[in-house]
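To keep things clear, I will list the structure first and then write my remarks on it.
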There are 2 protein chains.
Amino acid sequence: MTEPHRSGCPINLTLELLGDRWSLIVIRDIIFGNRRYFRELLTQSEEGIASNILADRLKRFVENGLLTRTDDPDHRQKALYSLTEPAIQLVPLLAQIGAWGRRYTPATHELSVRAQLLEEGGPKLWAAFMQELRSIHLGAPSKGRSVIATLQSAFERAVGESARPKARQ
Amino acid sequence: MTEPHRSGCPINLTLELLGDRWSLIVIRDIIFGNRRYFRELLTQSEEGIASNILADRLKRFVENGLLTRTDDPDHRQKALYSLTEPAIQLVPLLAQIGAWGRRYTPATHELSVRAQLLEEGGPKLWAAFMQELRSIHLGAPSKGRSVIATLQSAFERAVGESARPKARQ
DNA sequence: ACAACCAGTTGCAATATGCAATCACATGGG
DNA sequence: CCCATGTGATTGCATATTGCAACTGGTTGT
């Protein structure tokens with residue numbers, strides 16, 4: 001067996017898996033946008049991901065254990081993507097990326113609301129949010145959905161109908 | 001003026017800047033490996049970055065305000081790269097990436113030591129480390145260098161002379 | 001003078017990405 | 001049944017990025 005990795009450094013290995021322009025965009029939309037179907041991820045993407053790139057990333061994530069793919073019971077053709085625990089553990093990472101981007105990139109105010117809430121909430125909010133993701137994607141028990149509701153409604157209010165997704169097929 | 005960005009989302013904008021296989025590797029080596037010269041970054045890179053990629057990234061980082069480039073006073077030909085505050089603020093992000101990679105990628109034990117120390121130290125250690133980076137790269141006052149010393153020596157001990165960099169020119 | 005070293009640049013093949021068109025299959029309505 | 005629509009992709013092709021070796025123009029040390 002040959003070693004396909006550039007090095008065994010944890011930062012490097014994470015970059016080999018997620019270090020490109022689209023991977024974390026897809027994860028972000030599943031986690032914070034609650035998108036679970038190919039078509040949702042394709043057409044409701046703020047950045048306009050191409051269908052072949054999306055297909056490739058979803059396939060790679062399933063192969064690497066970040067997502068699971070199951071058939072939708074109501075629609076045989078539809079595939080439902082669910083987060084695994086490793087993917088849920090990316091929440092702190094995405095929160096840090098969002099916090100950094102909010103300070104040091106020309107992010108628009110409306111799209112920064114979500115990052116700001118996550119930053120102000122801190123690790124406690126992240127943990128509550130992750131627990132709710134577990135209840136949605138892994139079937140874990142939950143006590144409420146206040147965090148999801150807060151983040152979702154803040155995001156929807158900020159973006160709302162004004163966002164014109166650049167859908168393609 | 002046309003808008004060159006895919007969206008104003010802070011996560012997206014951060015990915016447009018740092019979302020590739022090499023950018024954070026270079027930042028990591030400057031921050032944790034204390035490498036400040038082109039040749040150091042090129043030949044002491046664990047992953048073996050190519051010289052044109054390194055040149056491109058350094059140039060982009062200077063353009064985007066993540067690094068500053070100054071001439072070495074002792075050596076006219078040598079260029080010294082220094083971290084700016086935005087780059088120093090990437091420490092928490094790199095710590096999260098390392099922590100995730102340590103759990104969910106096949107990272108080698110020796111290269112995970114640094115990530116483990118950062119994870120166990122938490123935000124307090126990050127802040128102390130960042131303050132020391134400011135004293136080194138920005139000339140800020142400092143009270144000591146225990147954090148750098150700890151991280152550096154742990155890393156050097158783990159990698160030591162065993163690391164054979166794949167240098168190219 | 002001369003070898004060694006410095007920060008890059010150049011040329012070129014291989015690979016990855018972006019994008020539109022297309023595919024096979026499933027569902028729903030008449 | 002027939003056909004429009006929606007599904008998760010795949011294909012072809014142009015462009016962009018990467019990997020790699022060779023090379024450049026200048027500097028330093030002896």
Side-chain angles (χ1 to χ4, degrees), chain A residues 2 4-7 12 15-26 29-30 35-63 67-82 165-169, chain B residues 2 4-7 12 15-26 29-30 35-63 67-82 165-169:
Chain A
T2 66
H5 297 299
R6 303 185 299 189
S7 87
N12 172 59
L15 288 176
E16 287 187 15
L17 191 61
L18 301 170
D20 68 89
R21 277 172 171 64
W22 290 110
S23 291
L24 286 176
I25 293 286
V26 174
D29 283 348
I30 299 176
R35 316 227 158 95
R36 306 192 60 181
Y37 298 100
F38 187 94
R39 194 61 41 169
E40 286 180 341
L41 288 162
L42 183 69
T43 62
Q44 297 172 34
S45 160
E46 191 75 12
E47 287 82 14
I49 190 170
S51 59
N52 57 342
I53 307 286
L54 176 60
D56 176 75
R57 294 304 182 279
L58 290 173
K59 186 180 159 199
R60 271 184 29 197
F61 289 155
V62 170
E63 285 170 359
L67 297 177
T68 55
R69 199 195 116 118
T70 54
D71 292 338
D72 187 304
D74 298 339
H75 197 297
R76 195 180 315 218
Q77 190 74 358
K78 250 173 164 169
L80 179 70
Y81 292 94
S82 302
K166 310 122 185 173
R168 295 178 194 84
Q169 183 179 5
Chain B
T2 66
H5 297 299
R6 303 185 300 191
S7 85
N12 171 60
L15 289 176
E16 287 187 15
L17 191 61
L18 301 170
D20 67 88
R21 277 172 170 63
W22 290 112
S23 290
L24 286 177
I25 294 285
V26 174
D29 283 348
I30 299 176
R35 315 226 160 96
R36 305 193 60 181
Y37 299 100
F38 187 95
R39 195 60 39 169
E40 286 181 340
L41 288 162
L42 183 69
T43 62
Q44 297 173 33
S45 159
E46 190 75 13
E47 289 82 13
I49 190 170
S51 60
N52 57 344
I53 307 284
L54 176 60
D56 176 76
R57 294 303 182 279
L58 290 173
K59 186 179 159 202
R60 271 183 31 195
F61 289 155
V62 171
E63 286 171 358
L67 297 176
T68 55
R69 199 196 116 118
T70 54
D71 292 339
D72 187 303
D74 300 337
H75 197 296
R76 194 181 315 220
Q77 189 75 358
K78 250 173 166 171
L80 178 69
Y81 292 94
S82 302
K166 311 124 185 173
R168 294 178 195 86
Q169 183 179 5

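Every chain is numbered from 1, with letters handed out A, B, ... down the list of sequences. Fair warning: this is a prediction, and the values are worked out from it, not measured in the lab.
Rounded to whole angstrom, the span from the CG atom of A:D71 across to the P atom of D:dG8 amounts to 11 Å. For B:D72 and C:dG8, the CG to P distance is 13 Å, given to the nearest whole Å. At whole-Å resolution of the value, CD1 in A:I53 and C1' in D:dT10 are 13 Å apart. Rounding to whole angstrom units, CG of residue A:N52 and P of D:dG8 are separated by 15 Å. As a whole-Å value, the separation of A:L80 CG from D:dT7 P is 14 Å. Nucleotide C:dA7 holds its P atom 13 Å from the CZ atom of B:R36, rounded to whole Å. Following rounding to the nearest Å, A:R21 (CZ) and C:dA16 (P) show an atom-to-atom distance of 15 Å. Atom P of nucleotide C:dA26 and atom CZ of A:F38 are separated by 17 Å, given to the nearest angstrom.
Note on A:R69: a side-chain N or O is less than 4.0 Å away from OP1 or OP2 of D:dA9. A:R39 has a side-chain polar atom (N or O) that falls below the 4.0 Å cut-off from OP1 or OP2 of D:dG8. At the phosphate of D:dT18, OP1 or OP2 sits under 4.0 Å from a side-chain N or O atom of B:R57.
One N or O on the side chain of B:R60 and one on the backbone of B:L17 form a donor-acceptor pair closer than 3.5 Å. Checking side-chain atoms of B:R35 against main-chain N and O of B:L42 turns up no donor-acceptor pair under 3.5 Å. In this structure a side-chain-to-backbone donor-acceptor pair under 3.5 Å is present from A:N12 to A:S7. A donor-acceptor pair under 3.5 Å links the side-chain atoms of A:R36 to the main chain of A:Y81, judged by distance alone.
With contacts defined as side-chain heavy-atom distances shorter than 4.5 Å, the pair A:Y37/A:T43 does not qualify.
Taking every heavy atom of both residues into account, A:H5 and A:E16 meet most closely at ND1-OE1, 2.8 Å.
Between its two ends, the helix from C:dA1-D:dT30 to C:dG30-D:dC1 turns its axis by 10°, counting five pairs per end and rounding to 10 degrees.
In this structure, of C:dA7, D:dT18, D:dG8, it is D:dT18 that holds the atom nearest to the side chain of B:W22. Checked against D:dA21, D:dT7, C:dC19, the side chain of B:S51 finds its nearest nucleotide in D:dA21. Distances from the side chain of B:D20 to the nucleotides C:dA26, D:dT18, C:dA20 place D:dT18 closest.
Taken to the nearest 0.5 Å, the CG atom of B:L58 stands 6.0 Å off from the CG atom of B:L41.
For A:Q77 against D:dT7, a side-chain N or O and a base N or O form a donor-acceptor pair under 3.5 Å.
Place A:K59 and A:K78 on DNA chain D by their nearest nucleotides, and A:K78 ends up nearer the 5' end.
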